[in-house]
A.B. asks: 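Below: one structure in structure tokens.
Ligands are counted one by one from 1 in listed order, and the atoms in each one are counted from 1 as well.
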Amino acid sequence: MKVSVSILSKTIKGQDIVKELDKTKADFIHIDIMDGKFVENKTWTFSEIKKITSYSHRPLDVHLMVDKPSKYIEDYALLNTNDIIFHYEAVKDVNEMINLIKGYGLKAGIAINPDTDVKVLFPYLKDLDLVLIMSVFPGASGQSFIENTPDRIKELKEEIINQNVKTIISVDGGVNNETALLCKEAGVDMLVSASYIHQDIINNIEILKNL
Ligand code: DX5
Ligand code: ZN
């Protein structure tokens, strides 16, 4: 199982955490970017993120919870970024965003909110490297996992298999050892977690990796 560790909270000392992540089997550092418009909260600025992540060798999984994602791509392409994820709900032209991200040689991902039908993504799957299923409403860590998420993952997985494409499914929000297992059974490929992992970084990453 792939594991991406969210370092969302302003209260966490970012650089200490990323240094510690280098000693673990975490696959990615999940960077949550919030603009105070698409979601209420705001997170670090680009220069803060650049500084924090310079202390780690782990590639970045960048989750843009912002109104105008196109403005952020050029900056994040300069870092050790694996993929950039924008929200379906934030853009008018999905293909244009996918092409913009891929134009920088990065993997392109799309996130969908818990109340958006996964079927809206079906026409784009062949061009997407990753779909991020939100299992909470975006904006804050520490929320509870929304129960119907595994059904949404299953529906998406079936379509990925039908279309014979290679899109990865990731899940974000309220992920712990129990909810992760439900997501795994539904067909998820990657887990994003903040609160659960930060309770005990080394052990809990190990638990999720070994699911
Ligand atoms: C939620 C963020 C998540 C969040 C996950 O808006 O996108 O990445 O940090 O936090 P937990 O794992 O605490 O739900
Ligand atoms: Zn996120």
A.B. asks: Judged on heavy-atom distance to atom 3 (C) of ligand 1, which of Val171, Asp61, Asp172 sits nearest?
C.D. replies: Asp172
A.B. asks: Provide the closest heavy-atom pair for Ile29 versus Ser56 in the form atom of the first, atom of the second, distance.
C.D. replies: CD1-OG, 3.5 Å
A.B. asks: Once you restrict to heavy atoms under 4.0 Å, what part of Ser6 touches ligand 1? Side chain, backbone, both or neither.
C.D. replies: side chain
A.B. asks: If you count the atoms of ligand 1 from 1 in the order shown, which ones are under 4.0 Å from a heavy atom of Ser193?
C.D. replies: 12 (O)
A.B. asks: State, with a plain yes or no, whether a side-chain heavy atom of Ile197 is found less than 4.5 Å away from one of Val3.
C.D. replies: yes
A.B. asks: If I consider every N, O or S atom in His30, which one ends up closest to the Zn ion (ligand 2)? I only need its name.
C.D. replies: NE2
A.B. asks: For ligand 1, which atoms have a heavy atom of His30 less than 4.0 angstrom away?
C.D. replies: 8 (O)
A.B. asks: Between the Zn ion (ligand 2) and His63, which N, O or S atom of the residue is the nearest one?
C.D. replies: ND1
A.B. asks: Give me the ring orientation class for Phe46 and Tyr76: parallel if the planes are under 30° apart, tilted from 30 to 60°, perpendicular past 60°.
C.D. replies: perpendicular
A.B. asks: Kindly say whether Ile201 contributes a backbone atom to a donor-acceptor pair with the side chain of Glu206 at under 3.5 angstrom?
C.D. replies: no
A.B. asks: Salt bridge between Lys119 and Glu155, side-chain N to carboxylate O under 4.0 Å?
C.D. replies: yes
A.B. asks: To which of Ala194, Gly173, Gly139, Gly174 does the heavy atom nearest atom 6 (O) of ligand 1 belong?
C.D. replies: Gly139
A.B. asks: Can we say Asp61 and Lys2 salt-bridge, meaning some charged N sits less than 4.0 Å from an Asp/Glu carboxylate O?
C.D. replies: no
A.B. asks: Under 3.5 Å, is there a donor-acceptor pair between the Thr179 and Asn176 side chains?
C.D. replies: yes
A.B. asks: Kindly give the atom name of the N, O or S atom of Asp32 closest to the Zn ion (ligand 2).
C.D. replies: OD1
A.B. asks: If we only consider heavy atoms of His198, is any one of them less than 4.0 Å away from an atom in ligand 1?
C.D. replies: no
A.B. asks: Taking just the N, O or S atoms of Asp172, which one is nearest to the Zn ion (ligand 2)?
C.D. replies: OD2
